[in-house]
Amino acid sequence: MAIRSFFVPFLLLVLWFYSSLSPVLSLYEDQVGLMDWHQQYIGKVKQAVFSTQKTGRRRVIVSTEENVIASLDLRHGEIFWRHLLGSNDVIDGIDIGLGKYVITLSSGGSILRSWNLPDGQMVWESFLQGPKHSKSLLLLPTNLKIEKDNVIVVFSNDRLHAVSCIDGEVLWKKDFETESFETQQVIQPPGSDLIYVVGFAASSQFEMYQINARNGELLKHESAIFSSGFLRELSLVSSETVVALDSTGSILLTISFQNGEISFQQTPISNIVEDSSGPAVIIPSSVPGIFAIKINSVTIFIRVIGKGKLEVVEKLNQETAVSNALPISESQQAFALVQHAGSEIHLVAKLAHDWDANLLKESIKMDQQRGIPHKVFINNYIRTDRSHGFRLLIVMEDHSLLLLQQGAIVWSREDGLASIIDVTASELPVERDGVSVAKVEHNLFEWLKGHMLKLKGTLMLASPEDVAAIQSMRLKSSEKSKMARDHNGFRKLLIVLTRAGKLFALHTGDGHIVWSHLLHKSEACQSPVGLNLYQWQVPHHHALDENPSVLVISRCGPSSDAPGVLSFVDTYTGKELNSLSLDHAVVQVIPLPHTDSTEQRLHLLIDSDKHAHLYPKTSEALGIFKREFSNIYWYSVEDHNSIIKGHALKCKCTGEVADEFCFDARDLWSVVFPSESEKITATVTRKLNEMVHTQAKVMADQDVMYKYISRNLLFVATVAPKGSGEIGSVTPEESWLVAYLIDIVTGRILYRVTHHGAQGPVHAVFSENWVVYHFFNLRAHRYEMSVIEIYDQSRADNKDVWKLVLGKHNLTSRISLFSRPEVITKSQSYFFTHSVKAIAVTSTAKGITSKQLLIGTIGDQVLALDKRFLDPRRSVNPTQAEKEEGIIPLTDSLPIIPQSYVTHALRVEGLRGIITVPAKLESTTLVFAHGVDLFFTQLAPSRTYDSLTEDFSYALLLITIVALVAAIFVTWRLSERKELQDKWR
Amino acid sequence: MKSVKVIVPFLLALSLLSFSSFGFQSDELLVDDEEFGLEGSPQHRSSEPVLTRSQPVTRKRHSDLDSDSKIQFSLDHAFGDSDFSPAGTFSARLKTWSHGGQTLTKLRFSRNSFTDENKEKFKNLLKSDDFYRIRLPSKALSPPGRDFVISSVKARCLLREGLDEHFVIHMEGVNVLAVNYGSPGSCPYPRNLKFPAKWSFNSHTVLKNSEQAPRAPVFTEEILGDENAEGEVVQPPERPFWAKYWMYLIPLGLIVMNAVTQAMNMPEEQASGQAPAQGQPSAGAVQRGPSSAARRR
């Protein structure tokens, strides 16, 4: 009986194994959120509009630099709804119309959309064309109506449009004939039917158009010339007065165009500000009667009194952000100022016409790592005592968004995480004595209760409440967010660098932020731009008491030859250990495969003059480096003129100041792609830390092929210059794609293949001895994926077992890449349904587990595709032996199995990159996908063959064992008794 | 890439004759590349995959149709970081195809012999294990074109009996994409210092053009064809009985086996005169215990 009851499930298991010949990776519904987490962000806020609706939930509508329009809950900062517009659909302006529509202007002012405020559904969309590109301005006059229709005034593409708020119909449009007219402001004085369009023409001419808002009729056109020219910025001080600066930035011009008459009023800045030096810039604001200018780092607020008379009201030395004006009553307008002062920020809300009285004055402690305030938006509410209360939404330097009210931070969002530029992983500290498991497990009773629940669940006795309890218990398991290393290596820190130049450490367990660090500003570098992240120190064997650290490479300024800055950050604490301002640019960073005695990795930094600089600058590092001096090669890709060059080190830098750590480079080889027929579009190399378990691949016919595993292979894809545009812009005859495998030490082209009628964009991934790339096939009108596998023939004769046993093989001998390579390649192409945003490959600790490709699809999901589908040995009718080996019969397209979406039901909006990190457990790999959203999960491409699943009930096992032991004793006693009875008989 | 060297004797003889005018003994191996006539130019797009090597006959026919002209371009070399100086000349025939594409065929190479100065420089390279560098113009028709293509090799790698060199010139039409330079065989590591017995080069040259990618297989037509043939349902092949019902048969067999064992035990117990008072049979193990004990007695 016992045997049978065991055998049937075993049979089923075997059956199941056979049926799952193509291993599908999928989750059950209750496993969602166990190992994965998903975070939603919006990016740096550009513009915010508060929904002032009396009823309904309070919300704020924001547009961001990631092209997101979102509606946020004003109480908690959660996202009600969110839309990610395409990357070329940049948002120019947002506003709320009729209290229930969100109006957005995007794509350089050519698309106007209306969204339903409560749920974010699109109501209408209209396209606004115009003669030429220009500044885009969106204006929603509150009480301008044309035939009971509320009007949206849009200036875009050098044309003024009046659009109906209800259906997006263009009511009238108006072109401006003047050549080189650049519109700066569109003004609609409240309560009138006029629209003023003001701007500059030919740099020294001020132009004003007065237009009838009802029909677009031009009422008046005036222009005036100011001989010394203007700076391209205007500040609006009243509906009929603007302030501009002359081209030298030293004279303020008050321009009023009352009743259509333009009059200038010149005020030299030195007259009103005593110690002014250097040119001034106008800070754009729209506070009536007041404008702000910035000289050096001093912000000066100037009031306009009467007929162009100016008066300085305040000078502020700290970094200051000013909000737009907010009407709080019929005649009063308020605005807010935010100043940064050390660890605090000072908030001030003032009335526009009364500078000295403060409506609000608060100081709030602010995390230093958030930097200075960049933007502030003000909103008011009626307090319980009927007075005005103000809440401020501020955007900080690290792109975070905070809501401040009553002197406290109500909520904050870390929206810098929406623009990650580089990721690396770091280990957590080893578990110390202080933190023990017992502390985590509360007490024995809880523990027992938990296991009883699990047992009930396993035996299918659990009620729905119990199931819910079990689920929440599993999700909340404090085990996974512990701040210590675990045995399986699932818990790690993801160190991410954001575009704002801030480092975050995210815990892989639940994605919470462990620490964050804004890149240090120094005198030498005011605005470092973060570029890359490298693992600087990974303590391994003999330096375990050191904390691991990462190297952040940043650049001082926007141009590519600006000097670099190196920062070293401790990954346990987030403290900046050291910061170096370099005197050279950083064009390329090469982590060398050598570490010094404190496990600091040697890095070679290549500057714009092709000098190589060694870091760390220690004599020990230099000693290690000298030993490997002649074995260091690298390559550089010159995208613009399609040349790839190989370099080696020559000697110490000559000419300059004696620097032991600086070396000259020389060119060893070059590949010159014909500029008329090829253009580099993608270059991919293998990951440096990738592990390859076996060099040999055993074929179905017991033959052995040796993988050509070289870290020095480069995959290059070039396309025809004509075909580098969008898909469909060329005919198949004039577009092609050439794929190359190039050895970067010698510059040998190991393989070269042309795909005719193919077009980019090319996405590729390189791993072990294969490369997979994705492109568009113009002839078949479909996307295609190709695989190239490269095998080493020089080792192919090592097939004799005796040779291997006796050691007469050349497998361990050192190979020189200067030998002529004997390689063979195999390749195959398949159709693929999706277009692709990113491709990555799973990586495991030892490289034993089979690989999966992780494809970021156009739908912002991550699809796991088994590498076996991209095996060039696939054929239509594989032999029996090949089938046993696991070769899938050839199909023309790659299957997309819905269950194999790693992101299951979630979307990683704006997906940009997929990073895989091996866990310590061989079967498992950690996957981190980032875009505007973040997503993390664990994957087991060949299932978790080396561990029990997380929900394995140890209690059930224990109880079974105990029951079995008891049963043995009982039956033993019974048989004893029976035997005794038999003997007595 | 296998490169089978096809030595055309009469070509060799011809070239020997023609190059004797250069005034040095050339013992270079003139290798006629087997690949130049293989696929034609990349512009030559045939819808069928090129599988067979074109015969010399067809090649001749092509050259009859298309106009040929001779071109020359020079090879420069440099020792270590020195400047480049002329080292030899490549000559080839420029073939203009009827569809407008141009390719190079019949590449010949003649190397200038090393002067004493060169020999000295080369020896220095060998001593310091430094690079011997060569370069070619990136445009064969109008040298140097946009840039030179450079290739380098450790000088010690070239050493055999004399000096062996191997050029792989990657062409794209008439453009030289890259040149791969090195020894024709392997270069052992570590490289030991020795000097050549003969100061003459043994040159091998190969011209390479791009391969055509295999087309992605298209099966849809076949499937459509099947459906269009007629709406008949394809009968799944009849599987043997065992293959169909094995999952039922195995448990059944086990049950039968179990039952038989029990049945075998029962008569045995009865035969041995045991009391049949055992009521319902409990677990087999318990049951069998006493019976074996009884037998032992």
Side-chain angles (χ1 to χ4, degrees), chain A residues 1-4 7-8 11 15 630 641 643 645 648 650 666-675 677-678 736 738-739 742 746-749 751-756 758 777 780 784 786 794 814-816 818-820 823-824 827-831 876 890-892 971 974-975 978-979 982 985, chain B residues 1-2 42 45 81 129 131 133 135 138-139 145-154 157 166 168 170 172-173 175-178 180-191 208 210-220 247 250-251 254-255 258 275 283-286 289-290 293-294:
Chain A
M1 285 294 248
I3 295 169
R4 199 192 313 152
F7 201 72
V8 173
L11 270 179
L15 203 75
S630 64
N641 53 2
I643 295 180
K645 281 184 176 164
K650 192 158 77 177
R666 60 169 156 206
D667 293 357
L668 282 191
W669 54 266
S670 64
V671 175
V672 180
F673 297 105
S675 54
S677 64
E678 290 181 40
W736 53 85
V738 194
I742 299 175
T746 59
R748 276 180 201 278
I749 297 180
Y751 184 62
R752 174 176 166 210
V753 68
T754 311
H755 296 264
H756 286 291
N777 185 332
E784 213 172 283
S786 275
S794 61
R814 298 177 79 167
I815 339 160
S816 169
F818 289 109
S819 307
R820 189 162 157 233
V823 294
I824 55 163
S827 68
Q828 209 165 49
S829 298
Y830 321 87
F831 293 119
V876 181
L890 184 61
T891 48
D892 57 348
T971 48
L974 280 175
S975 81
K978 195 157 194 317
E979 211 163 318
D982 284 349
R985 188 164 296 161
Chain B
M1 287 306 113
K2 289 179 291 182
R45 293 186 195 99
D81 298 313
D129 192 20
F131 287 101
R133 307 197 292 159
R135 71 173 188 190
S138 68
K139 261 203 170 71
R146 214 148 54 89
D147 205 343
F148 286 98
V149 292
I150 307 171
S151 189
S152 330
V153 73
K154 291 269 183 189
C157 286
H166 186 263
V168 182
H170 292 268
E172 169 68 45
N175 293 314
V176 181
L177 197 91
N180 299 155
Y181 182 67
S183 66
S186 69
C187 177
Y189 189 86
R191 295 175 284 267
K208 261 191 187 170
S210 180
E211 281 180 36
Q212 300 268 345
R215 279 228 194 151
V218 180
F219 297 147
T220 41
M247 63 286 269
I250 290 177
L254 283 166
I255 293 166
N258 213 336
V286 186

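The shown structure was predicted, so the numbers you read here are calculated from the model rather than taken from an experiment. Reckoned from all heavy atoms, side chains included, excluding hydrogens, waters and symmetry mates. Numbered from 1 within each chain, the chains take letters A, B, ... in sequence-line order.
Residue contact with chain B, scored on non-hydrogen atoms closer than 4.5 Å, is absent for A:I742. With a 4.5 Å cut-off on non-hydrogen atoms, A:R666 touches chain B through its side chain but not through its backbone. Using a 4.5 Å cut-off between heavy atoms, B:R191 touches chain A through its side chain atoms alone. Using a 4.5 Å cut-off between heavy atoms, A:S786 makes no contact with chain B at all. For chain B, the nearby parts of A:V672 are the backbone and the side chain; heavy atoms of each come within less than 4.5 Å.
Partners of A:T746 by side chain to side chain donor-acceptor pair (under 3.5 Å), not counting sequence neighbours: none found.
For chain A, the option among B:V149, B:D81, B:V153 with the highest count of heavy-atom pairs below 4.5 Å is B:D81. With respect to chain B, the highest number of heavy-atom pairs below 4.5 Å among A:F831, A:Y830, A:F818 belongs to A:F818. Among the candidates A:N641, A:N777, A:I749, the residue making the largest number of heavy-atom pairs closer than 4.5 Å to chain B is A:I749. Residue with the most contacts toward chain B among A:K645, A:E784, A:K650, A:Q828: A:K650 (heavy-atom pairs, distance under 4.5 Å). Across A:P674, A:A780, A:G747, the residue that shares the most heavy-atom pairs under 4.5 angstrom with chain B is A:P674.
Without hydrogens or angle criteria, B:S138 side chain to B:N175 main chain gives no donor-acceptor distance under 3.5 Å. No donor-acceptor pair under 3.5 Å is formed between the side chain of A:T754 and the backbone N or O of B:S210.
Separation of atoms CD (B:Q212) and CH2 (A:W736) is listed at 12.0 Å; rounding is to 0.5 Å. In this structure, NZ in B:K154 is found 8.5 Å from CG in A:L668, a value given to the nearest 0.5 Å.
In this structure, B:K208 does not pair ionically with B:E172, as no charged nitrogen and carboxylate oxygen lie closer than 4.0 Å.
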